[in-house]
There are 2 protein chains.
Amino acid sequence: MAQEEVPSQDPALPATAYAVLGLLSFGQELTGYDLRKWAMNMRYFYWSPAQSQIYLELRRLLQHDLVEVQVEEQKSRPDKRLYRITEAGLKVFREWLDHAPVGPPLLKHSVALRLFFGHQTDHARLREVLTEYRDWAVEQTTGLTELRTELDQRLPYPALVATWGSAYFAAEITAIDAVLADLDRMDREEEAD
Amino acid sequence: MAQEEVPSQDPALPATAYAVLGLLSFGQELTGYDLRKWAMNMRYFYWSPAQSQIYLELRRLLQHDLVEVQVEEQKSRPDKRLYRITEAGLKVFREWLDHAPVGPPLLKHSVALRLFFGHQTDHARLREVLTEYRDWAVEQTTGLTELRTELDQRLPYPALVATWGSAYFAAEITAIDAVLADLDRMDREEEAD
DNA sequence: ACTGCCATGTAACTAGTTACATGATTGG
DNA sequence: CCAATCATGTAACTAGTTACATGGCAGT
């Protein structure tokens with residue numbers, strides 16, 4: 001390591017670090033374990049990183065003095081490490097929130113990918129895959145509606161995102177139904193020649 | 001390395017490898033360069049990996065004999081490597097298409113993430129970010145409609161996905177408008193106290 | 001004259017994953 | 001009594017990124 005000259009002007013953190021920082025920006029002291037649970041509530045629109053990744057980001061943020069930790073000793077189990085955002089952390093987070101370039105969402109839709117290659121399989125199997133995805137999407141809407149009622153008024157912005165998420169899954173369900181109908185149409189057209 | 005005993009029964013390839021294999025399953029011989037262009041057409045629903053990653057996957061697929069290559073020598077520029085899917089490749093691809101478990105889409109929506117943390121910024125900035133995203137989404141629908149007319153009849157399944165994609169972006173635009181309206185409402189409620 | 005396309009590849013890095021290890025406490 | 005939860009962390013790996021290098025040829 002070189003001798004420190006500048007106290008890291010622009011840490012250029014990965015998105016996950018900002019997600020962690022953002023969760024801490026609500027003002028509560030949280031453990032890595034707590035953060036993982038919160039991150040799971042965000043899975044509807046932001047892929048939850050693995051548990052080990054969260055602990056890694058926390059250590060990185062600590063090194064940059066963007067969070068501070070208070071260790072609570074526990075008998076015969078790992079010490080509880082309560083993280084809190086620092087002034088510097090809040091500053092960096094707000095800077096990101098206000099000035100980071102608006103990027104497109106990163107999407108890897110494996111079901112859409114499989115439909116794209118539909119010429120290599122049959123409609124029966126395609127319908128199975130699509131239906132399974134549809135069922136999953138229905139479950140997600142249920143989960144989101146529950147989450148939203150849980151959030152409402154207390155956390156207005158997360159509630160807004162939950163509403164958005166519901167709309168997203170509703171749209172997916174409608175789109176799947178349209179695709180399913182199109183597959184039927186294709187079958188009928190094939191039959192009638 | 002151990003001495004080869006089994007000729008790699010289950011290669012367990014990453015998703016990107018299947019995407020490449022799938023593109024080759026249309027029957028054309030393609031270069032890495034061609035594949036990158038095709039992958040860019042899929043960016044609406046499946047994140048385009050970096051160019052270097054595509055070349056890497058091709059080399060891996062070659063090692064597994066899932067593709068074969070025909071080298072065309074070029075004077076004073078890199079040789080053109082035309083890849084073609086093999087019988088084994090087609091088999092592995094179909095196996096994946098038919099039997100891979102249906103996974104949820106991987107989504108990292110940085111705009112939704114920023115809205116989630118709206119308490120740390122102001123509505124003016126939030127509106128800017130949302131509007132910029134909205135504009136981008138509008139562009140995407142335009143691109144997709146063009147692509148769909150280009151695909152229609154010739155490639156029915158990609159056309160289906162393109163339609164789905166249009167619906168997705170349309171839903172995003174509607175959702176953003178709803179969020180924008182909600183922000184207005186929040187402003188009015190704040191004002192009236 | 002210059003920009004963009006064709007075409008491949010390497011090097012160094014970062015983000016992320018899965019699997020493992022530990023072990024008491026709480027709830028049904 | 002058994003399963004889940006709490007709570008952190010390491011090790012080995014894979015997927016993916018950016019930046020660089022090369023250099024002719026086609027179109028405006």
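Naming convention: chains lettered A, B, ... in sequence-line order (proteins, then strands); numbering from 1 in each chain.
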Student: Report, one line per pair, each donor and acceptor closer than 3.5 Å where one atom sits in a side chain of residues 92-106 of chain B; sequence neighbours left out.
Tutor:
unit_1 : atom_1 : unit_2 : atom_2 : d
B/R94  : NE     : A/Q120 : OE1    : 2.7
B/R94  : NH2    : A/Q120 : OE1    : 3.1
B/D98  : OD1    : A/T121 : OG1    : 2.5

Student: Would you say B/K108 reaches C/dA15's phosphate, i.e. side-chain N/O to OP1/OP2 under 4.0 Å?
Tutor: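 Answer is no, no contact under 4.0 Å.
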Student: What's the CZ-P distance between B/R36 and C/dG4, to the nearest Å?
Tutor: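 Rounding to the nearest Å, CZ of B/R36 and P of C/dG4 are 14 Å apart.
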Student: Can you measure B/Q51 atom CD to D/dT18 atom P for me and round it to whole angstrom units?
Tutor: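 In whole Å, D/dT18 P and B/Q51 CD are 11 Å from each other.
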Student: Please report the distance, rounded to the nearest Å, between CH2 in A/W47 and P in C/dT17.
Tutor: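 Distance, rounded to whole Å: 7 Å.
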Student: Confirm from the modelled atom types if A/S52 and C/dT18 form a donor-acceptor pair under 3.5 Å, side chain to base only.
Tutor: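 Side chain to base: pair found, below 3.5 Å.
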Student: Rounded to whole angstrom units, what separation is found between the CD atom of A/Q53 and the P atom of C/dA19?
Tutor: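 Roughly 17 Å, once rounded to whole Å.
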Student: Provide, to the nearest angstrom, the distance between the OH atom belonging to B/Y46 and the C1' atom belonging to D/dA15.
Tutor: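 The distance from OH of B/Y46 to C1' of D/dA15 comes to 11 Å, rounded to the nearest Å.
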Student: As an exercise, state the distance from CG of B/L23 to NZ of B/K37, rounded to the nearest 0.5 Å.
Tutor: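 If we round to the nearest 0.5 Å, B/L23:CG and B/K37:NZ are 12.5 Å apart.
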Student: So, applying ring pair (Phe, Tyr, Trp, His ring centres under 6.0 Å) with A/H109, which one of B/W164, B/Y46, B/F45 is it?
Tutor: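 Considering B/W164, B/Y46, B/F45, a ring pair (Phe, Tyr, Trp, His ring centres under 6.0 Å) with A/H109 is found only for B/W164.
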Student: Please pick, from C/dA15, C/dT18, D/dA7, the nucleotide with the shortest atom-to-atom distance to any side-chain atom of A/K80.
Tutor: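 Minimum distance to the A/K80 side chain belongs to D/dA7.
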Student: Measure the distance from OH on B/Y18 to P on D/dA15 and round it to the nearest whole Å.
Tutor: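 So the OH-P distance, B/Y18 to D/dA15, works out to 11 Å.
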Student: As a test of reading the structure: which of C/dG9, D/dA15, D/dG16 is closest to the side chain of B/T16, going by heavy atoms?
Tutor: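 Output: D/dG16.
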Student: Roughly how many Å is it from CD in A/E72 to P in D/dA7, rounded to a whole number?
Tutor: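 Interatomic distance, CD of A/E72 to P of D/dA7: 9 Å.
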Student: Tell me which nucleotide among D/dC6, C/dC6, D/dG16 gets nearest to the side chain of A/Y33.
Tutor: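 For A/Y33, the side-chain atoms sit closest to D/dC6.
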Student: I want to verify a distance call: between C/dG16, C/dG9, D/dG9, whose nearest atom is closest to the B/Y83 side chain?
Tutor: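 The answer is C/dG9.
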Student: Would you say A/R148's side chain and A/T145's backbone share a donor-acceptor pair under 3.5 angstrom?
Tutor: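 The answer is no, because no donor-acceptor pair under 3.5 Å joins these two groups.
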Student: With respect to the phosphate group of C/dG9, does any side-chain polar atom (N or O) of B/R81 fall under 4.0 Å of OP1 or OP2?
Tutor: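 Yes, within the criterion.
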Student: Pair B/R188, B/E191 - check salt bridge (charged side-chain N to carboxylate O under 4.0 Å, His left out), show working.
Tutor: CA-CA 5 Å; B/R188 265 181 277 117; B/E191 214 177 304; over 6 Å; no
Student: Starting at CG of B/L56 and ending at P of C/dT10, how long is that distance when rounded to a whole Å?
Tutor: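 Computing the B/L56:CG to C/dT10:P distance gives 10 Å.
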Student: Side chain of B/Y55, heavy atoms from C-beta onward: which of D/dG9, D/dG16, C/dA7 has the nearest atom to it?
Tutor: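 Looking only at heavy atoms from C-beta outward on B/Y55, the closest nucleotide is C/dA7.
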